[in-house]
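What follows is one structure encoded as structure tokens, with my remarks underneath.
Protein chains get the first letters and strands the later ones, always in sequence-line order, with residue 1 at the start of each. All of these numbers come straight from a predicted model, not from anything done at the bench.
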There are 2 protein chains.
Amino acid sequence: MNTSRTADRPTLELVDVGAPGCSPAELAGAMNAEQAADLARTLKALADPARLRVLALVAGNEGREVCVCDLTGPLGLSQPTVSHHLKVLVDAGFLTRDKRGVWAYFSLVPGALDAVVSALPGVPARS
Amino acid sequence: MNTSRTADRPTLELVDVGAPGCSPAELAGAMNAEQAADLARTLKALADPARLRVLALVAGNEGREVCVCDLTGPLGLSQPTVSHHLKVLVDAGFLTRDKRGVWAYFSLVPGALDAVVSALPGVPARS
DNA sequence: GCACGGCATTGACGTCTGTCGATACCCCCG
DNA sequence: CGGGGGTATCGACAGACGTCAATGCCGTGC
């Protein structure tokens, strides 16, 4: 048998307070699968110590831009690894890459973090 | 050779505007490795579609509590998998488990998400 | 007290991810 | 135009992660 509801709970009747007409299998406040997958993909880009440190380093040099060779030292990672993390952050929309000549400069995308925060469940808005 | 700075960049001299006396290998605004690892571990708990949907479902039923059997249906996952995700969220401090009799009720930990948001680089505070 | 049912744990498996060395790319300078 | 150096990509490998079936635990009701 499956694990869906087969017995009433003693005291609590879970009422669906969402929009009338929504599926009986859904609870109020449900996040659809596509939204969840998108947000999870973005959060996965953040959920790495090296990438968090990259963001902190770039944020701490607001105005000034940072190139790969500035990061290998503080992070203690090889150049290919740092380049990989930067690519992940650029693909996720947190950084922009600006290649001028031989050097590649990275800077924060304003509002990218706020957008993620706003999409979090239970964090409706920033005042 | 290593990949540290070996040549001056044409226009930019990266100055260290952080606290005087910090390591020359560090840039301003650096996040130390321990902080980064902690935050990354917490974010990893969030960076999964199933867990995001769990949080949304619980948040959407604020006040009412949610038990495992309420979630297997909307999530389309097996009971052990849902239980696993709930454990991850409880361990990360986002949910509390309250086992009353046969049922286990889960509810949001107020402020847990805000704490994560505040720790993000470039998101200094919530007003 | 015995069966039922909700929940947690275990073990296994396929996939994803972070890391590095090697190498390719390409712009600048002499 | 040839070499040097900063960066990106490739291939490989170890470890972590998400998922499920099977099983164990335990409170409830008959």
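- Applying the salt bridge (charged side-chain N to carboxylate O under 4.0 Å, His left out) rule to pairs touching residues 71-83 of chain B yields nothing, sequence neighbours excluded.
- The separation between B/L89 atom CG and C/dA8 atom P is 12 Å, rounded to whole Å.
- Residue-to-nucleotide proximity on DNA chain C shows that, of B/A104 and A/V82, the 5′-proximal contact is made by B/A104.
- Relative to the side chain of A/V68, the nucleotides C/dA8, D/dT7, C/dC20 differ in distance, and D/dT7 lies closest.
- Scored by the side-chain contact (heavy atoms from CB on, under 4.5 Å) test, A/V88 finds A/A45, A/R51, A/H84 as partners (sequence neighbours excluded).
- Every pair passing side-chain hydrogen bond (donor to acceptor under 3.5 Å, both in side chains) that includes a residue from residues 37-49 of chain B is listed here, sequence neighbours excluded: B/D38-B/R41.
- For the pair A/Q79 CD and D/dG5 C1', the interatomic distance rounds to 11 Å; values are reported in whole Å.
- With sequence neighbours left out, A/S107 forms a side-chain contact (heavy atoms from CB on, under 4.5 Å) with A/E65, A/T96.
- At the phosphate of C/dC27, neither OP1 nor OP2 sits under 4.0 Å from any side-chain N or O atom of A/R100.
- Between A/L75 atom CG and C/dT19 atom C1' the separation is 13 Å, expressed in whole Å.
- In this entry the distance linking NZ of A/K99 with P of D/dG6 reads 12 Å, nearest Å.
- No side-chain donor-acceptor contact under 3.5 Å links B/N61 to the backbone of B/V58.
- In this structure a side-chain-to-backbone donor-acceptor pair under 3.5 Å is present from B/S118 to B/D114.
- For A/K87, the salt bridge (charged side-chain N to carboxylate O under 4.0 Å, His left out) partners are A/D91, not counting sequence neighbours.
- In this structure, the CG atom of B/L43 is 16 Å from the P atom of C/dT17, given to the nearest Å.
- Protein atom CH2 of B/W103 is 16 Å distant from nucleotide atom C1' of D/dC25, rounded to whole Å.
- Counting to the nearest Å, the P atom of C/dC7 and the CG atom of B/D98 are 12 Å from each other.
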| In the 5'-to-3' direction, what one-character label does each nucleotide of nucleotides 14-19 of chain D receive under the scheme B = base within less than 4.0 Å of a protein heavy atom, S = sugar-phosphate only, - = no such atom? | ----SB
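- Comparing A/V102 and B/F106, the nucleotide of DNA chain C nearest to each residue sits closer to the 5' end for B/F106.
- Counting to the nearest Å, the P atom of C/dT9 and the CG atom of B/L86 are 11 Å from each other.
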